J.: 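Dropping a structure here in structure tokens format, bear with me for questions.
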Amino acid sequence: MPKVEFDEDRCKGCELCVAVCPVKIIHITERINRQGYRPVDVTDQEKCTACTLCARVCPDTVIEVYK
């Protein structure tokens with residue numbers, strides 16, 4: 001089953017991954033990480049297609065996609 005994981009403590013909440021996700025399952029959380037940013041999270045892991053667009057667009061390489 002495809003899975004996407006984020007290193008929340010390194011995420012700057014730039015929302016690039018939110019914009020490119022074709023199934024629209026990535027969103028900004030209300031939590032604040034160690035850097036003072038609101039990191040991203042997945043709303044429905046089962047809908048992930050492992051397309052890797054989110055990981056490729058992330059400027060800080062905080063996203064891992066497992067197929």
Side-chain angles (χ1 to χ4, degrees):
M1 179 172 149
K3 182 178 180 183
V4 61
E5 290 183 354
F6 304 93
D7 183 347
E8 284 194 15
D9 287 329
R10 291 180 41 229
C11 178
K12 294 179 183 168
C14 70
E15 297 189 53
L16 290 174
C17 57
V18 175
V20 300
C21 179
V23 289
K24 306 296 182 205
I25 59 171
I26 303 174
H27 72 285
I28 295 289
T29 67
E30 295 299 318
R31 298 184 298 277
I32 303 294
N33 66 13
R34 291 182 185 178
Q35 295 188 74
Y37 297 107
R38 291 174 46 208
V40 294
D41 200 3
V42 175
T43 56
D44 191 350
Q45 195 71 254
E46 291 181 10
K47 289 184 180 177
C48 179
T49 62
C51 69
T52 72
L53 288 175
C54 58
R56 288 188 281 167
V57 75
C58 181
D60 298 306
T61 61
V62 303
I63 304 171
E64 290 286 334
V65 178
Y66 303 95
K67 293 184 180 188

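Predicted, not measured: the structure shown is a model, and the values here were computed from it.
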J.: By the definition side chain to side chain contact (heavy atoms under 4.5 Å, CB included), identify the one residue from C54, C58, P59 that meets it with L16.
T.: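 That would be P59; it is the only one of C54, C58, P59 passing the side chain to side chain contact (heavy atoms under 4.5 Å, CB included) with L16.
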
J.: Around atom NZ of K24, are there more than 12 heavy atoms from other residues, nucleotides or ligands closer than 6.0 Å?
T.: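 It does: K24 NZ has more than 12 such atoms within range.
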
J.: Specify the closest pair of heavy atoms between E8 and R31, including all atoms of both residues, with the distance to one decimal.
T.: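 Minimum heavy-atom separation between E8 and R31: OE2-NH2, 2.6 Å.
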
J.: Between NZ of K3 and CD of Q45, what distance do you get to the nearest 0.5 Å?
T.: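 Those atoms lie 6.5 Å apart.
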
J.: Mind listing the closest non-hydrogen atom pair of C11 and Y37 along with its distance?
T.: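 Of all heavy-atom pairs spanning C11 and Y37, the closest is O-CB, 3.6 Å.
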
J.: Once you round to the nearest 0.5 Å, how far does CD of E64 lie from OG1 of T52?
T.: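 Here the interatomic distance stands at 11.5 Å.
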
J.: Give me the atom names and distance for the closest heavy-atom approach of T29 to R38.
T.: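 Nearest heavy atoms, T29 then R38: O-NE, 2.7 Å.
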
J.: Linking Ile, Leu, Val, Met, Phe, Trp and Tyr through side-chain heavy atoms less than 4.5 Å apart, which residues share a cluster with V62?
T.: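 Reading the cluster by chain and number, V62 sits alongside V4, F6, V18, V23, I25, I26, I28, V40, V42, I63, V65.
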
J.: Between R10 and D60, does any side-chain N to carboxylate O distance fall below 4.0 Å?
T.: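 Salt bridge: no.
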
J.: When rounded to the nearest 0.5 angstrom, what is the spacing between SG in C17 and CZ in R56?
T.: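 Separation between the atoms: 13.5 Å.
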
